[in-house]
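Only this structure's heavy atoms are used, side chains among them; waters, hydrogens and symmetry mates stay out. Please read these numbers as outputs of a predicted model, since none were measured by experiment.
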Amino acid sequence: MVPDDFEKTVYVNATDGSTKTLPAGTEPGPTTIWGKFLKKIELDSSDNERLSNEDLDPVPWERRTWRWYNLALYWISDAFAPGGWRAAASLMELGLSWRVSLFNLALANILIAIVITFNAHPGARYHVCFPVFSRVPFGFYFSYVMVFMRMITGIFWYGIQTYTGAECVRSLLYAIWPSFRTLPNHLPESANISTSFMISWFIYFLLCIPVHCIRVENTRWYFMFKCCLTPICGFAIMGWVVSAAKSLPGESLFAQGNTVHGSKLVWTFMSCLYSNMGGGSTFATNASDYSRYTRKEYSILFQLFALPFSNIVMAAMGVVGAAGTLKVYGTILWDPLLLIDNWTSRGGRAAAAFCSIAFLVAQIGQNISANSIAAANDLNCIFPKYINIRRGQIIAAFIGAWALTPWNILTSATAFLSFMSGYSIWLSSIAGILFSDYWLVHRLKYDVNELYNPKGIYRYNKWGVNWRAVVAFTCGWVPLLPGFINAINPNIKVGTGMVRLYYLGFFYGFSCAALVYWALCYLFPQQETYVEAVLPPGKPSDEEEIYGIGSDSVGSDYGVEKKA
């Protein structure tokens, strides 16, 4: 007899039709260039049966390095950026006073912080990211639609935020080399970007690449460094403005009241509230992308204080800075980068260089935290065999910063910009369904093993679609569509009621989707999805400290079942 090790398998060569033999159990390698390339980039940790890899699996204990103060510093560092400084600008331009504008921002950030904290809990408890736990409410395969929608948002805003990052580099170059201000432009006007700004853009992009290569659990050090640097810069600018303006009361921005009144004031306030909450809608869905790296579930509670506090402080700095520039320069400068560009003396340029570096560090961190890692997790979920978080960040960076040509969008594609700004009508509905499923329907009980089983209990049917989520999602965004269309193109007239409903977009989308989903699950329950919690491996004492559950029993290779 021939030993088993020497049994042969016959296969046909696709190129010349000849037959060859290989040892038993050996598969023929790819013969095309594309096939060889895919084989080369295939991740060693990919698992085809579970459609997962190392970055998509539950975070192991040794990688759960975030503490409560890391999450707090994360939000503080996110707020202290050029966008946070000018947050009140658009509200005051719409007719709100500085007091009402700051109140609007505070209320919006408090409300969105509550939503973010609730939707961060699945990550803190099960240590999985949004693309994975979204399989429970939406179904294993329909969840990919939600993941793709959020990926588009992350990549788009990465490009837009790159524009601000390039402005930081340009201000730095102005401070170091004043002649850079007069650098000749060799690009045509149709390019919508100058030579000097393209140089700044390229430098910013190069500076981002090394940060993209940092593992997510280690980005906490970057955010900690950023949190130490940027507040110093913000307070320094505000102090200089107050000193230069001598006194701010009187004929200044602080003397300006509301320029809209009555019902128009109310709906302007609601429109601004929706806009500010919509800006955090991406965080409302991807909160678990960071909370999954925490060891203690209560760590996420500190977001409730850090997020609104840091954002309102930064917005207040912007108001003080704008009020001072009105007296110092005779015009309102909402953008801190435009403000420091006016510091042209020797000492002023040194201060401008320091502030530019601080804002540059802040902008890189904000772009990565808000957009890059979110899009990378989505790409990781869609292509788990080939893309991990690091590769996903690089891909998202190239698409967002170059393929989308954000400089064209910001200068000419205003309708597209309005479209993406109103994208939260979909994200708010997604966030509402995630909240409803986790807290109201399944009562915090997920089976981690089944989250990675394409044929498991969260498939729902042969299409992998939970029809309850489809109905709830549709109810959440369809009524907002007329107002959304009007926001993109004001020439398309719709009823006043539809426009005002759109102003309530986040509240309506979130609450409607959440309630409809809960009602459908109550009336038509999917019984097999109601299980005892199965947690990923970790130190049992960690979970016992939180729940007081007692001893565990091993449920599978990928999880530990917690007995009630």
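Checked against the 6.0 Å centroid criterion, the rings of Y446 and Y438 qualify as a close aromatic pair. Taking the six-membered ring for Trp, W201 and F205 have ring centres at least 6.0 Å apart. Taking the centre of each ring, Y290 and Y74 come in below the 6.0 Å mark.
Counting heavy atoms from C-beta outward, N367 and Y204 have side chains that approach closer than 4.5 Å. With a 4.5 Å cut-off on side-chain heavy atoms, I368 and I373 count as touching. With contacts defined as side-chain heavy-atom distances shorter than 4.5 Å, the pair I114/L304 qualifies. Two residues are said to be in side-chain contact when any heavy atoms from C-beta on lie closer than 4.5 Å; Q526 and N466 fail this criterion. Between L434 and P137, the closest side-chain pair of non-hydrogen atoms falls below 4.5 Å. Side-chain contact between F283 and I112 is absent, with no heavy atoms from C-beta onward closer than 4.5 Å. P122 has its side chain out of reach of V128: every pair of non-hydrogen atoms, C-beta onward, lies at least 4.5 Å apart. The shortest side-chain heavy-atom distance between P454 and Y141 falls under the 4.5 Å cut-off.
Judged by distance alone, the side chain of D447 and the main-chain N or O of V534 form no donor-acceptor pair under 3.5 Å. Under the 3.5 Å distance criterion, the side-chain polar atoms of S291 are matched with a main-chain donor or acceptor of A120. Side chain of N258 to main chain of V260: no donor-acceptor pair is present (N/O by atom type, distance under 3.5 Å, no hydrogens or angles). In terms of modelled atom types and a separation under 3.5 Å, the side chain of K226 and the main chain of A362 share a donor-acceptor contact. For S271 (side chain) and W267 (main-chain N/O), no donor-acceptor pair under 3.5 Å exists by modelled atom type. S436 places no side-chain N or O within 3.5 Å of a backbone atom of I433 that could act as its donor or acceptor partner. Checking side-chain atoms of S171 against main-chain N and O of E167 turns up a donor-acceptor pair under 3.5 Å. Distance alone, capped at 3.5 Å, is enough to place a donor-acceptor pair between the N486 side chain and the I492 backbone.
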Problem set entry | side chain to side chain contact (heavy atoms under 4.5 Å, CB included) between V499 and T496, intermediate numbers included | CA-CA 5 Å; V499 174; T496 303; 5.5 Å; no

Problem set entry | Steps toward side chain to side chain contact (heavy atoms under 4.5 Å, CB included) verdict (Y293, N70) | CA-CA 10 Å; Y293 294 96; N70 294 125; over 6 Å; no

Problem set entry | ring-ring contact (aromatic ring centres under 6.0 Å, His included) between Y458 and F133, intermediate numbers included | CA-CA 10 Å; Y458 301 126; F133 85 82; over 10 Å; no

For this session: Test T529 against V136 for side chain to side chain contact (heavy atoms under 4.5 Å, CB included), laying out the working first.
Result: CA-CA 8 Å; T529 65; V136 180; 5.8 Å; no

Problem set entry | Residue pair N377, N286: steps toward the side chain to side chain donor-acceptor pair (under 3.5 Å) verdict | CA-CA 9 Å; N377 274 293; N286 80 330; over 6 Å; no

Problem set entry | side chain to side chain contact (heavy atoms under 4.5 Å, CB included) evaluation trace for I485 with V494 | CA-CA 9 Å; I485 294 173; V494 298; 5.6 Å; no

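Below 30°, between 30° and 60°, or above 60°: for F118 and F435 the angle between ring planes is above 60°, a perpendicular geometry. The aromatic rings of W426 and F484 lie perpendicular to each other, with more than 60° between the two planes, well past the 30° mark.
Atom CZ of F305 sits in a sparse spot, with 12 or fewer heavy atoms from other residues, nucleotides or ligands closer than 6.0 Å. Heavy-atom neighbours of W402 CH2 from other residues, nucleotides or ligands within 6.0 Å: above the threshold of 12. Few gaps surround OH on Y329; more than 12 heavy atoms of other groups in view lie less than 6.0 Å from it.
Note that CZ of F80 is 7.5 Å distant from SG of C227, once rounded to the nearest 0.5 Å. Rounding to the nearest 0.5 Å places CD1 of I394 at 12.5 Å from CD1 of I389. Between the CZ atom in F359 and the OG1 atom in T230 there is a gap of 8.5 Å [rounded to 0.5 Å]. A distance of 5.0 Å separates CZ in R150 from OG1 in T285, rounded to the nearest 0.5 Å. Note that CG of N276 and CG of N104 are 5.5 Å apart. Values are rounded to the nearest 0.5 Å. To the nearest 0.5 Å, atom CG of residue L91 and atom CZ of residue R86 are 14.5 Å apart.
Nearest heavy atom pair, residue I300 against residue A124, reads CG2-CB, 3.9 Å. Taking all atoms of both residues into account, the shortest heavy-atom contact from S428 to G505 is OG-O, 4.0 Å. Taking both residues in full, the closest heavy atoms of S372 and Q393 are given as OG-OE1, 2.8 Å, listed atom of the first, atom of the second, then distance. Nearest approach of P82 to Q363, heavy atoms of both residues: CD-OE1, 3.5 Å. Of all non-hydrogen atoms in F130 and S288, the two that sit nearest each other are N-CB, 4.2 Å. Shown here for P479 and T474, the closest heavy-atom pair between the two residues is CD-O, 4.1 Å.
Each of F507, F506, Y502, Y503 was scored for a ring-ring contact (aromatic ring centres under 6.0 Å, His included) with Y274, with one residue passing: Y502. Under the ring-ring contact (aromatic ring centres under 6.0 Å, His included) test applied with H212, the options Y158, F398, Y222 reduce to a single match, Y158.
R135 forms a cation-pi arrangement with F140, by the criterion of a distance under 6.0 Å to the ring centre and an angle within 45° of the ring axis.
Between the side chains of Y423 and T282, not a single donor N or O lies within less than 3.5 Å of an accepting N or O.
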Run the side-chain donor-acceptor check on residues 307-322: report pairs under 3.5 Å with partners two or more places apart or on a different chain.
| unit_1 | atom_1 | unit_2 | atom_2 | d |
| --- | --- | --- | --- | --- |
| S310 | OG | W75 | O | 3.4 |
| S310 | OG | A306 | O | 2.6 |
| S310 | OG | L307 | O | 3.2 |
| N311 | ND2 | L307 | O | 2.7 |

